[in-house]
Structure formats: structure tokens, C-alpha cells
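Here's the structure, in C-alpha cells; my notes come after.
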Amino acid sequence: MSKMTIGDYLLTRLKELGIHHIFGVAGDFNLGFLDQIVKHTGIEWIGACNELNGAYASDGYARIKGAGALVTTFGVGELSAINGIAGAYAEYVPIVNIVGTPSTATQNNKMLVHHTLGDGHFNIFADMYSRVTVAQAFLDKTNNAAEEIDRVLTACWLHKRPVYISIPTDVSYIPIDAPKKPLNLVYTSQPEALNQFVEQAANFIEKAKQPITLVDFAAQRFPMQPLILDFLKKTGIPFAALSMGKAIINESHPQFIGNYMGNFSTSGVQNQVEQSDCIIAFGLLLSDFNSGGFTTNLNADSIIAIHGEYARVQKSIYEKAFFYHTIPALNKRLSYRYSGAIIHTAVPEKILPEDTALRHERFWQLISPYLEKKSIIIAETGTSLFGSLQIPLPDETTYISQILWGSIGYTVGALFGACIAAPHRPTVLFIGDGSFQLTAQEISNIESHGLTPTLFLLDNDGFTVERLIHGATMPYNDIPAWNYTKLPHIFSDNVWSTYITTEKELAHALVERQKNKHKMAFITVKMDKMDAPKLLIQIAKLMAQRNQYN
Ligand SMILES: Cc1ncc(C[n+]2csc(CCOP(=O)(O)OP(=O)(O)O)c2C)c(N)n1
Ligand SMILES: [Mg+2]
């Protein structure tokens, strides 16, 4: 045990989770805690323009570093952030959401202070958060703050979901006896469940005639990637990725057969997956967009599903059989070797830029060769997402999108967070003009930190994805025209920006970008209002049918 203030203890524990930057916005209920952050060795305070962007940034950071943290002020701050935290909850992104709250005396005496509803209730906002966080702690003078902090941080790490910590102004500086033992971040599987799962799964795989592996989002959130690689190596079974699982395993892997998205899969993949008698699915999530508008057709009796915290073989569910144990145990037990053929995805042909207007059909093909190894590629909901899904990504790329939660504007904050997490990795964002207008000001922080991502802004005069679903010419799908090329220059000179309308101009811009590598690049790409990737046009039709108003 050593003496430490509660605030410093929390920061020490955050470092144990690999968190070295904390995002947020100041407020009078968190200022003293922010002093502790600023003074704390090994932790940096990263201010965001608003709390929503801060939440998105901590999400982007967590997707790269394994966990993130956000500090907001009571009421006004935390409610601005709640959309971002709910998104992290939906998409299994671990964020420690710390809220500076009024002093214990203020709360106990139900005083009429600012940022309350004026009714003396201080737990309303925390109650809201209880639905979008996996554990909550209310630090005070009496409870054991160290234990409480350890409890919620462990839950955050193991469940890969946000947690909520309320720290009143008079609590941050209370000295406590800090335990010296590191956090216990170990998964404890139930041995019987584990053994039964492994036996049943191995027997099933060994009898299979046409097994196939699927890789999806939870394979990244719960760090399954090296374990899946062992599985693929040992068994030789081919694999396909879902959209939310894009690039978790290198797309150049010899067993990779393409993307599985129901009727919108890479050619040949849908048949191979849906006719398989044994589908080993890592971290599968069949949400509307991820399943190609619910066009997947998987036979539940053919599935072995390995999730972060449970596993399933056909209809038998094994709780407390954690990925960390199930995959290695299965790899060890299996004596199966796949001997069937492996179809390979056709490598898209290289095309040469012409002097014609940019259209989605060729834009993504033209961009593809410029993406670098070890990149972070971020795609915003809209035409950007559906276009980027269709290009092969280079090895060791991290692909970030928000396909389940789909809150537009997310990616500007996520870009900021990802760049803070990995400033030296090439990072590229594709975003639509409509989404950009929600969170545009966060570009100023990217510039002020001297970060150097490349941003492609697809300027198509509004909400094209929505136009395809409903109201193609309606005013609610229009947005004000901005001068995007000028915009980033109002923040600083740490940016190079250009505006392109043709394929030749795109090629030229990509060369020029290389000459300005030390700056952020902001490339505005003019696109036609109704132009969109084919994949999106088809899925939008399905969505329109499902959401019919009459
Ligand atoms: C926070 C939030 N508000 C509204 C929506 C509904 N929405 C989904 S996509 C979209 C339009 C996106 O437009 P843009 O970014 O320009 O994409 P593109 O034109 O390339 O399709 C809107 C308004 C949403 N998903 N999230
Ligand atoms: Mg648009």
C-alpha cells in the first residue's frame, strides 16, 4: 500500500490499461481533477472542441490502443457526450467515462446549482448512463474508492464496453491507501464449459465436408487476431470477412476468399458460406448493414460461434467460455486439415486516370493503390463507407467505421483520437460533406497537434445516402454549401488543401500530397448528387422497402 490521492490513483490505473491521453472538455466540476491530469507523469490532457467529439475521439483512440478515457463536466458536458458513449457501448469499445460532479455536500444538501434541472436531483444523468455503460462507480469519502475504481476498470477492460465514474470536486484530492497489485485483467473461463465446447466444436469441425471461417467485428474488439491466425494456419480452412470485420486479418492472406455480406458478397463467397456444413464464426454480428440488409442466410445448425465472452456450437451455448481460452484450446485439440479448393478474390485491375468527372465507380479503384501498409483507414457512414468497403486494404491496416451505431460525424472525432493514439501511422479518412458538417471543428485540434492524416471530403451537395432511401430532391437532404478548401486554413497553416473534380486532378493531388507530407491533407472531391457506389444503391433500395411509410 502507498498513499495517493483518489484522482492520482485513477490516473495510475488508466495507465495500466495503456491509456496515456485523456480527451474531454473542462468545466468547473472537473477543473481540480484536470490539474491532476496535467501534472500526472505519463498522461496527457487532450482538449476537444466539444464533448461529443471528445467521446468520438476517445472511441477512435480506444480502437487503436485498446482503451480510451473521456472527462466531462456534470450534466451539460456528460449529456453532450452520451451519443458517443452509447455508440461505444453498441460497438464494444472500452471507454472510461469520467464525470466531474458537484461536491458531496452540494449533492447531499440538494442545492440549486447550475447544470442541474433545478430539482435537487443529482443522479438523473448517471441513471441515463447506466443504460450505456457496463459498470458505474460513484466515488465518495466513505466508500473504498480504490476498490471501486478497480472494479469498474476491470469491467471496462474485460467486457470491452464503456464505464461511468463520477468524481465529486471534494473527492479527487482525498488521500487513500493505494493497492500495489496490478489490476486483475484475466478472463476466468468455467473449465467444464470450456472443455465441453472444445470437444463439441472439434468433433463438429472434424466431420465437416466444407468448413468455412467468418471473421467479424468482435474479433478485433476482443483481441482474437493472433489466435485466429493460429486457427487458420493449423486447419487451412478458408475465411471470409464481414464488413465490420474488414482487414482484421490481412486481406492478402492465402486463405482469404473475400467479403461476406449476404446477397452482396464477393462473387462466389455467398455460396461457399451458405452451403457450408460447418461455419466457424469469430465475433459475428448480423446487423442490417453488416448482413447486406438482412440478406444473409446462415443455417444455425452449421455454426460454431466464438464471441468474446461466450461460445456456441449449433444450439448449445457455453457461457463463461472466453475467446482467450476457447480458441487456443480448440487449436490444440483439432487434428483437422482442410483439403478443398480455395477460391481467390480477383485482384481489381489497375486503371489509369482520365480527364473525366470523378464517379464512385472508378474513384475507389483509383484511390486503392495509394493506400499504404499499416494504415488506419476510417470511413464515415454514407457513400464513403460503402465505397471503401469494396476496395482491398493493404496489410496490417486498421479499418474504422461505425456500421452498427452509425452516428454521422463520428469519424472526425475518431480520426483525431486515432491520430493521437498513433501519430506516425498513415491515417486516411473518407467522409461525406453532410457528416463533416456535424463535427467539422475538430479539424482544428488535428491541426493544432500537428497531426498529418489525409482527409477526403466527398462533396455531393448533401445527404446522398438518404436521398437514395427517401426524398431524393427534398429540402431536408440538402445542406449549406461550404468552401471546404478554405475551411481548414482558418484554423492554422498546418494543412494542405485542394479541390478536385476529375480523375486527372485526383492523380495530381495524390502526387502533391506526397510533397506536403508534414501537414494534414484536406482533399475535397466533387461528386454528383445522386452518384453512389453500386453496393449502396442496392442496399438503399432494400432499406427503403423496409422503412416504407405507407
Ligand atoms: C447523428 C446522426 N444524425 C442523422 C443521421 C441520419 N443520416 C445517416 S447518413 C446521413 C447523411 C450523410 O450524408 P453525407 O455525409 O454527405 O454522406 P453521402 O452524401 O456521401 O452519402 C444522415 C443525415 C445519422 N446517421 N446520425
Ligand atoms: Mg454528402
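Quick note: numbers below take in every heavy atom, side chains included, and nothing from hydrogens, waters or symmetry partners. Note that ligands are numbered from 1 as they come in the structure, with each ligand's atoms numbered from 1 the same way.
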Keeping the roles fixed (side chain from [X], backbone from [Y]), state whether a donor-acceptor pair exists under 3.5 Å.
X	Y	answer
Y61	A67	no
E251	L393	yes
T439	G409	yes

Item to check | Closest D433 atom to the Mg ion (ligand 2) [N, O or S only] | outcome: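 Nearest to the Mg ion (ligand 2) within D433's N, O and S set: OD1.
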
[atom]: nearest protein contact (heavy atom, Å):
atom	result
atom 7 (N) of ligand 1	E466 OE2, 2.9 Å
atom 21 (O) of ligand 1	V465 N, 3.0 Å
atom 25 (N) of ligand 1	G406 O, 2.8 Å
atom 15 (O) of ligand 1	S435 OG, 2.5 Å
atom 20 (O) of ligand 1	T383 OG1, 2.5 Å
atom 13 (O) of ligand 1	F463 CD2, 3.4 Å
atom 1 (C) of ligand 1	S407 OG, 3.5 Å
atom 26 (N) of ligand 1	I408 N, 3.1 Å

Next on the checklist: Report whether any nitrogen, oxygen or sulfur of N460 sits less than 2.8 Å from the Mg ion (ligand 2) (N, O or S, backbone or side chain).
Outcome noted: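 Yes, N460 qualifies, because one of its backbone or side-chain N, O or S atoms lies under 2.8 Å.
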
Next on the checklist: I'd like to know if the Mg ion (ligand 2) has an N/O/S atom from G382 within less than 2.8 Å of it, counting both backbone and side-chain atoms.
Outcome noted: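 Of the N, O and S atoms in G382, none lies under 2.8 Å from the Mg ion (ligand 2), which means no.
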
Checklist entry - Under the ring pair (Phe, Tyr, Trp, His ring centres under 6.0 Å) criterion, do H159 and Y92 qualify, and how do the steps go? => result CA-CA 8 Å; H159 298 300; Y92 284 79; 9.2 Å; no

Item to check | Atom indices of ligand 1 within 4.0 angstrom of D433 heavy atoms, with elements | outcome: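 Those of ligand 1 that fall under 4.0 Å from D433 are 16 (O).
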
Checklist entry - Counting from 1, what ligand 1 atoms have a heavy atom of G434 closer than 4.0 Å? => result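 In order of numbering, the contacting atoms are 14 (P), 15 (O), 16 (O).
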
With no hydrogens and no angle check, do the side chains of [X] and [Y] hold a donor and an acceptor under 3.5 Å apart?
X	Y	answer
H489	S497	yes
T397	S375	no
Y410	E91	no
H518	N494	no
E78	Y164	yes

What about [X]: any of its N or O atoms under 3.5 Å from an N or O on ligand 1?
X	result
N460	yes
T381	no
G462	yes
F436	no

Checklist entry - Is there side-chain contact between F289 and I539, with heavy atoms separated by less than 4.5 Å? => result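 Touching, per the 4.5 Å side-chain cut-off.
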
Next on the checklist: Checking R467 against D478 for the side chain to side chain contact (heavy atoms under 4.5 Å, CB included) test, could you report, in this order, the C-alpha distance in whole Å, the side-chain angles of both residues, the deciding distance, and whether it holds?
Outcome noted: CA-CA 9 Å; R467 292 187 202 281; D478 295 338; 3.0 Å; yes

Checklist entry - Counting heavy atoms only, which of S384, G432, G87, G387 is nearest atom 17 (O) of ligand 1? => result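 Nearest heavy atom to atom 17 (O) of ligand 1 lies in G432.
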
Item to check | Of L451, T454, I446, the residue whose pairing with L415 passes side chain to side chain contact (heavy atoms under 4.5 Å, CB included) | outcome: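 Among L451, T454, I446, the one that satisfies the side chain to side chain contact (heavy atoms under 4.5 Å, CB included) with L415 is I446.
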
Checklist entry - Would you call L458 a ligand 1 contact, heavy-atom distance under 4.0 Å? => result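 No.
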
